[in-house]
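Letters A, B, ... mirror the listed sequences (proteins, then strands); counts begin at 1. None of the values given here were measured: they were computed from a predicted structure.
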2 protein chains.
Amino acid sequence: MKSDKLRITSQRDVILDELRAAKVHPTADELYEQVRRRLPRVSLATVYRNLEWLSEQGLARKIEVGGRQKRFDGDISDHYHVRCHKCGRVADVEMDLLDGVEDRIAQCCGFTVTGHRIEFTGLCPACSNGSAC
Amino acid sequence: MKSDKLRITSQRDVILDELRAAKVHPTADELYEQVRRRLPRVSLATVYRNLEWLSEQGLARKIEVGGRQKRFDGDISDHYHVRCHKCGRVADVEMDLLDGVEDRIAQCCGFTVTGHRIEFTGLCPACSNGSAC
DNA sequence: TCAGTAATGATAATAGTTATCATATAAATG
DNA sequence: CATTTATATGATAACTATTATCATTACTGA
């Protein structure tokens, strides 16, 4: 019989654990490097697959930011992000959500607006120190 | 002698013209299809190259939104965008800029914040009608 | 223990973009 | 207007990030 219980494999467990432990929001390959320290035989495909799965299950979040690579967040609460325009690093911003900002829109080409996302841009500590990232 | 004048080729002219004429913000390949109607021998590489060049010259803007493909905007003024979460279409939002919103940030992991970008999400007219995009 | 289902690792395939290079074209100069 | 020189173009290869495939492995429930 089919169970509706989430199947937590050791890979999933370590992936979520490392994602939650990350100070900034990692790309799949950054996380892969971390996970590999604990599970040396893990595959990059497993990391991609499970980041997707964790997002679907609501245990993690795929964050849509600019830049070529996707980034992931172990914190599922709604919040804003800041991205370094030099190295692409993404971190959390502590700021109250702008509730009702959707109501301020005068015109939006007929779109039905249901949410918003703010991405602050700037320089991360490493890049503003002039040191390599 | 080297001139500092911008070299406007027919390709660049048509690319910028079509970009400005677009109601929504096209991806490179969408724009390529449009440009091809006027310049049938144009190469996709030329479209990519010139969208990059136009952005560098300040004649167009590369808009950093979620989704796999980059999108471009012929309107270089600072404004917000709305993206259809179903088909990825991106359009302008008419809303006053949130001046000084960067000052409201309590904490941002040591980043030096210099700007922000808002991406509203929702459904475009075509997708909310249930029709195919 | 066993059967059935789902996850894994290795790798191929794909999508989007950028790089390469021989040829063509535009602007400056004579 | 012809020539020169730098730059842009078209065709295509290469590259990067991600997703799909598939044989094997490992859970889970009976």
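Looking at every heavy atom in both residues, S55(B) comes nearest to R61(B) through OG-C, 4.0 Å. Annotation for A28(A) and V47(A): closest pair O-CG1, 3.6 Å, computed over non-hydrogen atoms. Contact between K86(A) and C127(A) at its shortest, heavy atoms only, is CB-SG, 3.8 Å.
Grouping the Ile, Leu, Val, Met, Phe, Trp and Tyr side chains by contacts below 4.5 angstrom, directly or via other members, places L123(B) apart from V24(B). One hydrophobic cluster holds both L51(B) and L39(B) under the rule that ILVMFWY side chains link at heavy-atom gaps under 4.5 Å. Hydrophobic clustering (ILVMFWY, side-chain heavy atoms < 4.5 Å, transitive): I118(B) and V93(A) are in one cluster.
Taking D29(A) as the reference, nothing meets the salt bridge (Lys or Arg N to Asp or Glu O under 4.0 Å) condition, with sequence neighbours excluded. Contacts of R68(B) classified as salt bridge (Lys or Arg N to Asp or Glu O under 4.0 Å), with partners at least two apart in sequence or in another chain: none.
Of all the residues in residues 30-40 of chain A, not one reaches under 4.0 Å from DNA chain C with any non-hydrogen atom.
Protein atom CZ of R7(B) is 9 Å distant from nucleotide atom P of dT9(D), rounded to whole Å. For the pair D13(B) CG and dT9(D) C1', the interatomic distance rounds to 16 Å; values are reported in whole Å. Here the P atom of nucleotide dT7(D) and the CG atom of N50(B) are 15 Å apart, to the nearest Å. For the pair L51(A) CG and dA17(D) P, the computed distance is 15 Å after rounding to whole Å. Distance, E56(B) CD to dT7(D) P: 14 Å, rounded to whole Å. Between the CD1 atom of I8(B) and the P atom of dT25(C) there is a distance of 18 Å, given to the nearest Å. Rounded to a whole Å, the CG atom of L6(B) is 17 Å from the C1' atom of dT25(C).
In summary, E64(A) and K70(A) do not engage in a salt bridge, as defined by a charged side-chain N under 4.0 Å from a carboxylate O.
Taking only side-chain atoms of Q11(A), from C-beta outward, the nucleotide of dT8(C), dA26(D), dA8(D) with the closest atom is dT8(C).
A close approach under 4.0 Å does occur between a side-chain nitrogen or oxygen of R12(A) and OP1 or OP2 of dA7(C). For T9(B), a side-chain nitrogen or oxygen approaches OP1 or OP2 of dT9(D) to under 4.0 Å. Between dG10(D) and T46(B), a contact under 4.0 Å exists linking OP1 or OP2 to a side-chain N or O.
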Could you pull out the protein-nucleic contacts involving nucleotides 14-21 of chain C (nitrogen or oxygen on both sides, under 3.5 Å)?
| from | atom 1 | to | atom 2 | distance (Å) |
| --- | --- | --- | --- | --- |
| dG16(C) | OP1 | Q69(B) | NE2 | 3.3 |
| dT17(C) | OP1 | K70(B) | N | 2.6 |
| dT17(C) | OP2 | Y48(B) | OH | 2.4 |
| dT17(C) | O5' | Y48(B) | OH | 3.4 |
| dT18(C) | OP1 | K70(B) | NZ | 2.9 |

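Under a 3.5 Å cut-off, the side chain of D17(B) and the backbone N or O of D13(B) do not form any donor-acceptor pair.
For the helix from dT1(C)-dA30(D) to dG30(C)-dC1(D), the axis fitted to the five pairs at one end and the axis fitted to the five pairs at the other end meet at an angle of 30° (nearest 10 degrees).
Within the structure, every pair that satisfies the ring pair (Phe, Tyr, Trp, His ring centres under 6.0 Å) test and touches residues 69-108 of chain A, not counting sequence neighbours, is listed here: H25(A)-H81(A), H79(A)-H81(A), Y80(A)-H116(A).
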